[in-house]
Protein chains: 2
Amino acid sequence: MTTVLLPLTATSAACCIGDTCAPLTREPITPAGARDLSTLLKALADPMRLRLVSMIAAHEGGEACVCDLTEPLGLTQPTVSHHLKVLTDAGYLTRAKRGTWAYYTLVPGALDSVAALLRTV
Amino acid sequence: MTTVLLPLTATSAACCIGDTCAPLTREPITPAGARDLSTLLKALADPMRLRLVSMIAAHEGGEACVCDLTEPLGLTQPTVSHHLKVLTDAGYLTRAKRGTWAYYTLVPGALDSVAALLRTV
DNA sequence: TCGAAGCATAGACGCTCATCGATGTTTCGT
DNA sequence: ACGAAACATCGATGAGCGTCTATGCTTCGA
């Protein structure tokens, strides 16, 4: 499955006026919304995938190929490719193939979208 | 295990000046930091637990007992108690027992702390 | 043209986790 | 004192996931 979930818009974020939510009794998250958000969080809820995202963002040019990421993580190449696919399918990364190399880049605003969604829960 | 992980401080958040990170080549997340953040995200990366957090926050008084949450979720009481323990151990909820009832409350700023950490990845 | 390099995919294995039924513990009425 | 109610804990089970080895596909250089 290669469905892209991001970007998502924080639709029900107009709850907090000052620094606190005045009426705490807004409506709870919908079951479908909870399922979608949990899918996004599951993709990030792994130590190696978090390090992958961070290493790609910290790499020069904001992109990195698989060969750059395998050795510092101590994982095999298929495992790294698997994690990169999970992150790409969730919408956090994009893949650009140049020659024999596959360069992965962080999607701008992807992490911020999830962070914004977290406050709407 | 009942170790409380939250609250966490976003120590390396002084990266973005305007709306974009000027040097994208900051240092990547540490392995221990990735492990801790993944633990926090794992606790939230479940549809029922997201709905629990949302339902507790939306409930009157900002608190709810187990009996309030079992029926709308369609889960058994032991399963709901299990999820509430996971969320409490992660630092998202607090437990206050009054009589035979156990009232759960959302920890203020817990979700915002994780959201802030997400942008530091 | 052919071998090598980079990467993706397939299949398998072991572990974690979500959920359940059963049971123990505590507290409140009667 | 005793039964009932609310909740936590325990043990089991089935599904999902992270990781590996093996293999296939694509691209480049000799």
Side-chain angles (χ1 to χ4, degrees), chain A residues 1-3 5 31 34-53 55-56 59 63-90 92-105, chain B residues 1-3 5 31 34-53 55-56 59 63-90 92-105:
Chain A
M1 181 181 66
T2 52
T3 54
L5 296 173
R35 180 177 47 80
D36 295 345
L37 181 51
S38 70
T39 301
L40 290 175
L41 292 177
K42 264 185 217 293
L44 281 181
D46 181 87
M48 295 302 182
R49 284 201 285 267
L50 283 175
R51 295 180 63 186
L52 275 174
V53 169
M55 288 169 58
I56 291 174
H59 205 264
E63 66 179 7
C65 60
V66 183
C67 56
D68 293 326
L69 307 166
T70 301
E71 183 256 335
L73 286 182
L75 296 177
T76 63
Q77 173 265 318
T79 301
V80 174
S81 284
H82 162 69
H83 285 314
L84 290 173
K85 176 173 173 51
V86 171
L87 290 169
T88 303
D89 290 348
Y92 295 109
L93 301 179
T94 54
R95 194 179 97 110
K97 188 167 186 179
R98 293 200 300 268
T100 53
W101 290 272
Y103 291 91
Y104 285 86
T105 313
Chain B
M1 181 181 68
T2 52
T3 54
L5 295 174
R35 180 175 46 82
D36 294 345
L37 182 52
S38 71
T39 303
L40 290 176
L41 292 176
K42 265 185 215 293
L44 281 181
D46 181 88
M48 295 302 181
R49 285 201 284 267
L50 284 174
R51 295 180 63 188
L52 275 175
V53 169
M55 289 169 59
I56 291 174
H59 205 263
E63 63 179 9
C65 59
V66 183
C67 56
D68 293 327
L69 307 167
T70 300
E71 184 255 337
L73 287 182
L75 296 177
T76 62
Q77 174 264 319
T79 302
V80 173
S81 284
H82 162 70
H83 285 313
L84 291 174
K85 175 174 174 50
V86 172
L87 290 170
T88 304
D89 290 349
Y92 294 109
L93 301 179
T94 53
R95 194 180 96 109
K97 188 166 188 179
R98 292 199 302 268
T100 54
W101 290 272
Y103 291 91
Y104 286 86
T105 313

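Protein chains get the first letters and strands the later ones, always in sequence-line order, with residue 1 at the start of each. All values reported here derive from a predicted model rather than from experimental measurement. Any value given below was found using the heavy atoms of this structure, including those in side chains, with hydrogens, waters and symmetry copies removed.
- Side chain of A/M48, nearest nucleotide from D/dT19, D/dC28, D/dA8: D/dT19.
- Within the cation-pi definition used here (under 6.0 Å to the ring centroid, within 45° of the axis), A/R95 does not qualify as a partner of A/Y103.
- In this structure the side chain of A/H82 never reaches within 4.5 angstrom of the side chain of A/K85, judged on heavy atoms.
- In this structure, the side chains of A/L75 and A/M48 come closer than 4.5 Å at one or more pairs of heavy atoms.
- Close approach of DNA chain C to chain A, defined as any atom under 4.0 Å from a non-hydrogen atom of the protein, starts and stops at C/dG6 to C/dT9.
- Between A/I56 and A/L84, the closest side-chain pair of non-hydrogen atoms falls below 4.5 Å.
- Taking every heavy atom of residues 65-78 of chain B and every atom of DNA chain D, pairs under 4.0 Å involve B/C65, B/V66, B/C67, B/Q77, B/P78, by number.
- Between the C1' atom of D/dG16 and the NZ atom of B/K42 lies a distance of 11 Å, rounded to the nearest Å.
- Here D/dC17 presents its P atom at 9 Å from NE2 of A/H82, a figure rounded to the nearest Å.
- Residue B/R35 holds its CZ atom at 12.0 Å from NZ of B/K42, rounded to the nearest 0.5 Å.
- Across all strands shown, A/R49 has heavy atoms under 4.0 Å from sugar-phosphate atoms exclusively, and none from any base.
- No engagement by B/Y103 is indicated, since no non-hydrogen atom pair under 4.0 Å with the nucleic acid exists.
- Distance B/L84 CG to D/dA6 P: 16 Å, rounded to the nearest Å.
- Nucleic acid contact for A/R95: sugar-phosphate only, since backbone atoms but no base atoms lie under 4.0 Å from a heavy atom of the residue.
- If you check D/dT26, D/dT9, D/dA6 against the side chain of B/W101, the one that comes closest is D/dA6.
- The phosphate of D/dC17 has neither OP1 nor OP2 within less than 4.0 Å of any side-chain N or O from A/H83.
- Remark: P of D/dG18 and NZ of A/K85 are 14 Å apart, rounded to the nearest angstrom.
- In this structure, CZ of A/R98 is placed 16 Å from C1' of D/dC28, rounded to the nearest angstrom.
- Side-chain contact check for A/L73 versus A/M55: some heavy-atom pair is nearer than 4.5 Å.
- Counting to the nearest Å, the C1' atom of D/dC7 and the CG atom of B/L87 are 16 Å from each other.
- The shortest side-chain heavy-atom distance between A/V66 and A/W101 does not fall under the 4.5 Å cut-off.
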| Do A/V86 and A/D46 pass the side chain to side chain contact (heavy atoms under 4.5 Å, CB included) test, and can you show the C-alpha distance, the side-chain angles, and the key distance before you say yes or no? | CA-CA 11 Å; A/V86 171; A/D46 181 87; over 6 Å; no
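- Closest of all the heavy-atom pairs between A/T76 and A/T70 is C-CG2, 4.0 Å.
- Taking only side-chain nitrogens and oxygens, B/T100 never comes nearer than 4.0 Å to OP1 or OP2 of D/dC7.
- Nearest-nucleotide positions on DNA chain D place B/K97 closer to the 5' end than the other of B/K97 and A/G99.
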